[in-house]
Amino acid sequence: MTTTAVIPIKQLENAKQRLAALLSAEERRELFKAMVEDVLTAIEACTLIDDLIIVTDDKAVAQLGREFGAQIRPEPETPGLIEAVTETGRQLAEEGVTTMVFLPGDVPLTTADELELVLEGFGLLDEPEFLIVPASDLGGSNCVACSPPDCMTFGFGEDSFRRHLGIAGELGLKPIVAKLPGIGLDIDTPEDLRELVSQIENEGRDGQEYSTVRFLTMSGLIGRVNADIVELG
């Protein structure tokens, strides 16, 4: 039984443009890089994940991934998140991998413990299995696990959580839903960033442990985000 994590990342440059009202292009790049590092760290520490694949054509992303022992695979001919996860799932099924777990690069509070909750006992049945971790607002799909890797048709995008539940039903799959606070917080908008800062401060997360916390602290962005919250309030 083998489990492979898959993270499609298009590029670091021009990332997170919906944060442009708060962050410069360089700040957005560095924030996204830090978030990816935290996701990779969690995957590396998860004892239930055997291999890691990053789907990208970006040299900087590839270099970062190799530092964590990731295998780098190119984007499919038709670019896009759905295409990348679908094609990788097809490849992994052909290679005899038991389970594929998809994660995006922008869920920096992901932990190895949460990933083990997702994968504990998963992929052991003699029938296809599908698990999904929704975004905290129940809109997006922040993690999906598939056994075998090609058992699911993907529908990432706006309101994808509900879309995936519908697709699973049409395919005869009984989706497992796991609501997890770390994986559930993806950072796309200023509101997401404010929630991230709030959680960091309330839970006392350590900058020595989390790249994102370290970047936000050293760059002074925590203070700026807090000032923005006060101004909005």
[X]: what forms a salt bridge (Lys or Arg N to Asp or Glu O under 4.0 Å) with it, not counting sequence neighbours?
{"X": "Glu44", "answer": "none"}
{"X": "Glu37", "answer": "none"}
{"X": "Glu116", "answer": "none"}

Quiz item: So which residues get pulled into Ile132's cluster when ILVMFWY side chains under 4.5 Å apart are joined, directly or through others?
Solution: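 Direct or chained contacts put Ile132 with Val6, Ile53, Val55, Leu81, Ile82, Val85, Leu92, Val97, Met100, Phe102, Phe130, Leu138, Val144, Met152, Phe154, Phe156, Phe161, Leu165, Ile167, Leu171, Leu173, Val177.
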Under 3.5 Å, side chain of [X] to main-chain N/O of [Y], donor-acceptor pair present?
{"X": "Arg224", "Y": "Ser219", "result": "no"}
{"X": "Ser160", "Y": "Arg163", "result": "no"}
{"X": "Glu129", "Y": "Gly123", "result": "yes"}
{"X": "Thr110", "Y": "Val39", "result": "no"}
{"X": "Asn142", "Y": "Gly184", "result": "yes"}
{"X": "Thr98", "Y": "Thr2", "result": "yes"}
{"X": "Asp50", "Y": "Thr3", "result": "yes"}
{"X": "Glu195", "Y": "Leu185", "result": "no"}

Output all residues satisfying side chain to side chain donor-acceptor pair (under 3.5 Å) with [X], sequence neighbours left out; order by chain, then residue number.
{"X": "Gln17", "result": "none"}
{"X": "Glu75", "result": "none"}
{"X": "Asp58", "result": "none"}
{"X": "Arg18", "result": "none"}

Interatomic distance, [X] atom [atom1] to [Y] atom [atom2] [nearest 0.5 angstrom]:
{"X": "Leu119", "Y": "Leu131", "atom1": "CG", "atom2": "CG", "value": "8.0 Å"}
{"X": "Asp159", "Y": "His164", "atom1": "CG", "atom2": "NE2", "value": "11.0 Å"}
{"X": "Thr111", "Y": "Ile183", "atom1": "OG1", "atom2": "CD1", "value": "7.0 Å"}
{"X": "Leu12", "Y": "Thr56", "atom1": "CG", "atom2": "OG1", "value": "8.0 Å"}
{"X": "Leu109", "Y": "Met35", "atom1": "CG", "atom2": "CE", "value": "10.0 Å"}
{"X": "Asp192", "Y": "Leu19", "atom1": "CG", "atom2": "CG", "value": "7.5 Å"}

Nearest non-hydrogen partners of [X] and [Y], listed with the distance:
{"X": "Leu22", "Y": "Pro190", "result": "CD1-CB, 3.6 Å"}
{"X": "Asp188", "Y": "Lys16", "result": "OD1-NZ, 2.6 Å"}
{"X": "Ala15", "Y": "Arg28", "result": "O-NE, 3.1 Å"}
{"X": "Lys179", "Y": "Pro134", "result": "CG-CG, 4.1 Å"}
{"X": "Ala42", "Y": "Ala112", "result": "O-CB, 3.7 Å"}

Exercise. Would you mind listing every ring-ring contact (aromatic ring centres under 6.0 Å, His included) that reaches into residues 13-54, with sequence neighbours excluded?
Key: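 Output for this query is empty, none listed.
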Quiz item: If you count the non-hydrogen atoms of other residues, nucleotides and ligands that lie under 6.0 Å from CE in Met1, is the total more than 12?
Solution: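 It does: Met1 CE has more than 12 such atoms within range.
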Quiz item: Can a donor-acceptor pair be found between the side chains of Arg214 and Ser211 at a distance below 3.5 Å?
Solution: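 A pair is found: one side chain offers a donor N or O, the other an acceptor, under 3.5 Å apart.
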Practice problem: For Thr41 and Asp38, test the side chains for any donor-to-acceptor distance below 3.5 angstrom and give the result as yes or no. | Solution: no
Is the closest side-chain heavy-atom distance between [X] and [Y] below 4.5 Å?
{"X": "Tyr210", "Y": "Pro108", "result": "no"}
{"X": "Ile54", "Y": "Val36", "result": "no"}
{"X": "Glu94", "Y": "Asp150", "result": "no"}

Side-chain donor-acceptor contacts of residues 60-74 below 3.5 Å, not counting sequence neighbours, with atom names and distances?
residue, atom, partner, partner atom, Å
Gln71, OE1, Arg73, NE, 2.6
Gln71, OE1, Arg73, NH2, 3.0
Arg73, NH1, Gln91, OE1, 2.6
Arg73, NH1, Glu95, OE2, 3.2
Arg73, NH2, Glu95, OE1, 3.1
Arg73, NH2, Glu95, OE2, 3.2

Self-check item: Residues in side chain to side chain contact (heavy atoms under 4.5 Å, CB included) contact with Glu30, at least two apart in sequence or another chain
Solution: Glu26, Lys33, Phe215
Practice problem: Applying side chain to side chain contact (heavy atoms under 4.5 Å, CB included), run through Leu23 and Leu193 and close with a yes or a no. | Solution: CA-CA 11 Å; Leu23 310 182; Leu193 189 57; 4.2 Å; yes
Practice problem: Give every residue pair that meets the side-chain hydrogen bond (donor to acceptor under 3.5 Å, both in side chains) criterion with at least one member in residues 130-140, sequence neighbours excluded. | Solution: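 side-chain hydrogen bond (donor to acceptor under 3.5 Å, both in side chains) check on residues 130-140 returns no pairs.
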Quiz prompt | Leu31 and Leu221: CA distance, side-chain angles, deciding distance, side chain to side chain contact (heavy atoms under 4.5 Å, CB included) verdict | solution = CA-CA 10 Å; Leu31 172 63; Leu221 285 175; 5.6 Å; no
Quiz prompt | Test log, rule side chain to side chain contact (heavy atoms under 4.5 Å, CB included), inputs Leu115 and Leu48 | solution = CA-CA 8 Å; Leu115 290 173; Leu48 299 182; over 6 Å; no
